[in-house]
**Q** 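One structure follows; several queries about it will come next.
Order of the sequence lines sets the chain letters (A, B, ...), proteins ahead of strands, with each chain counted from 1.
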Amino acid sequence: MTDPQTPMLPDEAGAQAHHWIARLASGEITETEMADFRQWRSLSDNEQIFRRERALWRRLEGVEGAFSARAMPRRRSGRTLRRLPSRKSRMLAGAVAASLIALMAGPQLALMMRADHRTSTGQVRRVALADGSEAVLDSGSAIAVDFKASGRDVTLLAGRAWFNVRHDDARPFRVAALGGVTQDIGTAFEVERVGDGVNVGVTDGSVKLTSSIQGAPLVLKAGQHAHYDSGMAVQRTAGLPTDDIAAWRTGELLIRDMEVSAAIRAIARYRKAPVFIWGTMGRLEPVSGTFTTDQPDDALATLAQMRGLEITRLPGGVLFVRGASAD
Amino acid sequence: MSSNATALTRLLLAERPSLLRLAKRIVGSEPAAEDVAQSLWFRVQKVEDDPPILNKRAYLFRLTANLARDHRKNEARRLALHAEAHSTLWDEDNEPSLEDALVSVDALRRVADAAERLPEPTRRIFRMNRFEAIPQRAIADRLGISSTTVENHIKRALNILAAARDGRVE
């Protein structure tokens, strides 16, 4: 007996949400569809359902390994075999469970599971890559390396890195970050992930830069900079002169005409415990200064003095920074 | 073909390099200018003899400029649409703590198990779209299947993963 009041089955509503997620992710949604989607979303429970399914889509970031080509080599020898998890796949399931435990400790750790090279907070490390190129990773950064005969692909997973590339026309060297790709044309350059955007600066030679939606690449030469947000076009930006790009490699932290909150975040990168910013710092004059990466607290203290900020230290090294109580 | 269309087509072929330059100045890139030249060609085929066209060269350049401007406008709209779709999916209300609450760690573990057991080519197609950010049309081209099939694989994967999250058997 069915209840006439029965609401739509959850999987049915979920399937509608899945349809819209697939369309949003298609890269080719039309204006009509977008209007239909807005309309659908405004009806009854659809907003809730959409949010729930979108959370699933986003959270998959933490379990990418479970989708990887190598995670489970399939043997197609027998039908019954597929049902029984092999010893190897059980071990891999264990590895996935381990990555989830890491996830509980912090999403950062799950990300690091994918990395071939990474640095912890406060650490700057030089990595010799198999092709003779070198990468220098700033504090809290991670890269994944995939070198093949056809090309050398590096993915910047977190933070920033500077690359000095041994050029090889037959094997292009590419650095992917948030859907965009920086390709060397005989080069040393820096790629940095900041929130949902990526900054690229060239110290030597030139690079070709392509974002996920851009057909024609942008060529950057030594001393030039560009920025792209995930899924957006690449734009040229002003930036530090050549000698100062990636100065963190030598333990120097250069801040040039930077908004106060951005400067605090730039310094906080080198602290083990987080720094929280209270209120807005938008009304404060931008700051400039040269600090050392191994003394982030001194840098913060200097900054606080320059702009009249108040720093409160909590147990465990957590800092709260707030502007002088103007209001 | 009308005699106007014949004359314009001949002129188009002779003036192609400078028409392309004009289009490129407006749309900003070589491939986009080629697109404009393509639609120019189709447009010219449909031109009738009435009304007569006195200065055919001027007509051709004006038409190119108009088509290029339309192209640029459409491109801007397409980018804005793309940006809206992207931010709806990825950036809007992006509060990690809320998302964590919507998909618990236990649920995510079940999802990861289900992901490992996804049938092929569903799993591969889903990975290409979700993790390698390859547009569905490009996946379809690469695998030699239709975009609709690609979309169905992605929806199917989402259904299976959601069922695993909810502890339902699909």
**Q** Which atom pair, heavy atoms only, marks the closest approach of B:Phe131 to A:Glu64?
**A** CD2-CG, 3.2 Å
**Q** Please answer whether the main-chain N or O of B:Leu89 pairs with a side-chain N or O of A:Arg58 as donor and acceptor at a distance below 3.5 Å.
**A**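 Indeed, once roles are kept as given, a pair shorter than 3.5 Å links the two residues.
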**Q** Can you name the closest pair of heavy atoms from A:Ala25 and B:Asn129 and give their distance?
**A**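 Taking A:Ala25 first and B:Asn129 second, the nearest heavy atoms are O-ND2, 3.2 Å.
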**Q** The test is side-chain contact (heavy atoms from CB on, under 4.5 Å); show your working for A:Phe37 and B:Thr88 and say whether it passes.
**A** CA-CA 11 Å; A:Phe37 165 66; B:Thr88 304; 3.8 Å; yes
**Q** Sequence neighbours excluded, which residues qualify as side-chain hydrogen bond (donor to acceptor under 3.5 Å, both in side chains) partners of A:Glu53?
**A**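 Expected list: A:His18, B:Arg165.
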**Q** Heavy atoms only, distances under 4.5 angstrom: which of A:Trp20, A:Phe50, A:Trp57 has the most pairs with chain B? Name it, please.
**A**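 Most pairs with chain B among the choices: A:Trp57.
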**Q** Measure A:Glu28 against the heavy atoms of chain B and call it side chain, backbone, both or neither at under 4.5 Å.
**A** side chain
**Q** If you count heavy-atom pairs under 4.5 Å with chain A, which of B:Arg130, B:Arg77, B:Lys155, B:Arg137 comes out on top?
**A** B:Arg130
**Q** Using heavy-atom distances under 4.5 Å, tell me whether B:Glu132 contacts chain A through its side chain, its backbone, both, or neither.
**A**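 Neither part.
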**Q** If a pair satisfies salt bridge (Lys or Arg N to Asp or Glu O under 4.0 Å) and one of its residues is in residues 5-15 of chain B, list it, with sequence neighbours excluded.
**A** B:Glu15-B:Arg57
**Q** Assess whether a salt bridge exists between B:Glu151 and A:Arg23, defined as any Lys/Arg side-chain N lying under 4.0 Å from an Asp/Glu carboxylate O.
**A**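 Yes, B:Glu151 and A:Arg23 are salt-bridged.
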**Q** Given a strict heavy-atom distance threshold of 4.5 Å, which part of A:Ser230 is in contact with chain B: side chain, backbone, both, or neither?
**A** both
